[in-house]
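Encoded as structure tokens, the structure appears first; notes follow it.
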Amino acid sequence: STANNHSRDQGLDGIYRTLDVLDQVGLEHVGNQRSQEELEENRGIYVADVGGISVAFLSYTYGLNGFRLDGDKMFAVNLFNLDYYTTLANPDYDRLRSDLEAARELDTDLIAVMIHWGVEYQNAPNSHQTELAQFLGEQGADLVLGGHPHVLQPYETITVTGWDGAEREGFVCYSLGNFISNQQDLETRTTAVLELELTQDPGTEETSLTDVSYLPYYMVHRNGQPAGQQRYLVNIHQALADQAVDGLPLTAAETQELQAALEHCHAILGAEDDRGAAGP
């Protein structure tokens, strides 16, 4: 997912180069385009084969840190707000409705929306997120996977009335926080790897989300080095069991940090879905 508030930081050339490099190394992407033709070719949707289950992926960001795109360059970033360079409070419901209709027409097993939203450093979603999640679910999104706040926010299953008048369920993860970063406090260094089990009925070919779990992770900083040096993203359970990171023993302070990070993760995501709780 390449649509985020930093997409425009290095201008359009930065967007184009990012996509070129991802193509060169064979990483599929969604969220930015190099031309109007490229956008129209797939409506900004990428269809992935996930273990034999087809998933249509869409990606959006709330804004571009105040930058504006020229009117003839709006293809470059998938934006979900009409006021994306000012108040960030007016969702482009027409675009989202149209894009999700196009995704439904692809007749994939599931539709997933990856979305850059929310308020930084808040551990709970705001009404803007919850209302938008409801709308996305109503338009056919089975999975809504959020990011941007830099900290964990909870996940939940929502029940909505779909575009066709039928009741349906959708899964929403509001934020998994940072994955790799150089931010300093415990909440910004605590993250998780989310696991979603997708199951397809061989008879009806109906596909559903049948299990949700996660593994808690933490970014350990060592030796007070500058950014980029001595940073270790570790499985919290594994590190506590080994009492070591990268072969070096944990200090008492690091052990305390990891235990506090685990408690924080459980407080936001719930302890019951922690797949590592029974041991590494």
Side-chain angles (χ1 to χ4, degrees), residues 1-2 4-6 18 21-22 25-29 48 50-51 112 114 116 118-125 143 145-156 171-198 209-280:
S1 177
T2 57
N4 60 68
N5 58 306
H6 291 287
T18 297
V21 170
L22 292 174
V25 298
L27 284 174
E28 303 297 345
H29 48 83
V50 182
M114 296 181 287
H116 213 69
V119 178
E120 292 180 318
Y121 314 116
Q122 299 297 307
N123 286 123
L143 310 171
L145 307 173
H148 172 67
H150 297 295
V151 294
L152 291 171
Q153 292 182 349
Y155 52 75
E156 64 177 346
F171 174 82
V172 184
C173 179
Y174 291 101
S175 174
L176 282 175
N178 292 325
F179 190 61
I180 301 221
S181 82
N182 193 45
Q183 292 186 298
Q184 298 299 312
D185 61 273
L186 183 135
E187 292 191 6
T188 59
R189 292 161 63 185
T190 304
T191 186
V193 174
L194 185 67
E195 289 200 356
L196 305 180
E197 179 186 81
L198 310 178
L209 175 63
T210 48
D211 190 52
V212 178
S213 62
Y214 68 87
L215 282 172
Y217 275 74
Y218 186 69
M219 181 69 75
V220 173
H221 294 181
R222 278 190 161 162
N223 299 334
Q225 296 292 332
Q229 297 181 29
Q230 303 297 312
R231 303 294 187 262
Y232 301 90
L233 182 65
V234 301
N235 178 318
I236 295 176
H237 291 294
Q238 188 71 59
L240 288 173
D242 295 344
Q243 278 296 293
V245 168
D246 197 40
L248 296 175
L250 291 177
T251 65
E254 287 172 340
T255 298
Q256 188 174 14
E257 272 188 15
L258 287 166
Q259 290 170 339
L262 183 60
E263 290 173 6
H264 176 66
C265 199
H266 287 172
I268 305 302
L269 302 182
E272 63 277 6
D273 292 338
D274 180 354
R275 192 165 60 83

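Below, all heavy atoms of this structure are taken into account, side chains as well, without hydrogens, waters or symmetry copies. Note that the structure is a prediction, hence the values are computed from the model and not measured. In this chain, residues are counted from 1 in sequence order.
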> Between Ile180 and Met219, what is the shortest heavy-atom contact and its length?
Replying inline: CA-CE, 3.7 Å
> Is the number of heavy atoms from other residues, nucleotides or ligands under 6.0 Å of Gln256 CD greater than 12?
Replying inline: no
> Where is the tightest heavy-atom contact between Val119 and Gln153, given as atom of each residue plus distance?
Replying inline: O-NE2, 4.2 Å
>> I need the Leu258 CG to Leu186 CG distance, nearest 0.5 Å.
In response: 9.0 Å
> Rounded to the nearest 0.5 Å, what separation is found between the CG atom of Asn182 and the CZ atom of Arg231?
Replying inline: 4.5 Å
> Should Val220 and Asp246 count as side-chain neighbours, where that means a heavy-atom distance under 4.5 Å?
Replying inline: no
> How about Val151 and Ile268: do any of their side-chain heavy atoms sit closer than 4.5 Å?
Replying inline: no
>> Determine whether Ile236 and Cys265 satisfy the following criterion, side-chain contact (heavy atoms from CB on, under 4.5 Å), listing intermediate values before the conclusion.
In response: CA-CA 10 Å; Ile236 295 176; Cys265 199; 5.5 Å; no
> With under 30° as parallel and over 60° as perpendicular, where do the rings of His266 and His237 fit, or are they tilted in between?
Replying inline: tilted
>> Taking ring pair (Phe, Tyr, Trp, His ring centres under 6.0 Å) as the definition, give me every residue that meets it alongside Tyr155, ordered by chain and number, with sequence neighbours left out.
In response: Phe171
> Tell me, do Asp211 and Glu195 make a side-chain contact under 4.5 Å, heavy atoms counted?
Replying inline: no
>> Looking at Tyr214, is its backbone amide N or carbonyl O close enough to the side chain of Asp273 to form a donor-acceptor pair, meaning the two atoms are under 3.5 Å apart?
In response: no
>> Between Thr210 and Glu197 (side chain of the first, backbone of the second, donor and acceptor by atom type, cut-off under 3.5 Å), is there such a pair?
In response: yes
>> When you measure from the side chain of Thr191 to the backbone of Asn178, do you find a donor-acceptor pair of N or O atoms at a distance under 3.5 Å?
In response: yes
> Does some side-chain heavy atom of Tyr218 sit less than 4.5 Å from a side-chain heavy atom of Leu262?
Replying inline: no
>> Tell me the closest heavy-atom pair linking Ala124 and Pro154, and the distance in Å.
In response: CA-CD, 4.5 Å
>> List the residues meeting ring pair (Phe, Tyr, Trp, His ring centres under 6.0 Å) with Tyr121, not counting sequence neighbours, and say none if there are none.
In response: His150
> Pairs in or reaching into residues 249-262: which pass salt bridge (charged side-chain N to carboxylate O under 4.0 Å, His left out), with residues at least two apart or in two chains?
Replying inline: Arg189-Glu257, Arg222-Glu254
>> I'd like to know if the side chain of Thr255 reaches the main chain of Leu240, judged simply by a donor and an acceptor atom lying under 3.5 Å from each other, with no hydrogens or angles considered.
In response: no
>> Please give me the minimum heavy-atom distance between Leu250 and Ala239, naming the atom from each residue.
In response: CD1-O, 3.5 Å
>> Return the CG to CG distance between Leu143 and Leu198, rounded to the nearest 0.5 Å.
In response: 6.5 Å
> If only atom types and distance count, is the side chain of Glu28 paired as donor or acceptor with the main-chain N or O of Gly26 below 3.5 Å?
Replying inline: no
>> Distance check, rounded to the nearest 0.5 Å: Ser213 atom OG versus Arg275 atom CZ?
In response: 5.5 Å
> At their closest point, which heavy atom of His29 faces which heavy atom of Leu27, and how far apart are they?
Replying inline: CD2-O, 3.5 Å
> When rounded to the nearest 0.5 angstrom, what distance separates CG in Leu215 from CG in Asn235?
Replying inline: 5.5 Å
> Between the side chain of Asn4 and the main-chain N/O of His6, is any donor-acceptor distance below 3.5 Å?
Replying inline: yes
>> If I compare all heavy atoms of Pro149 with all of Gly147, which pair ends up nearest, and what's the gap?
In response: CD-C, 3.2 Å
> Ignoring hydrogens and geometry, is there a side-chain-to-backbone donor-acceptor pair from Asp274 to Gly276 under 3.5 Å?
Replying inline: yes
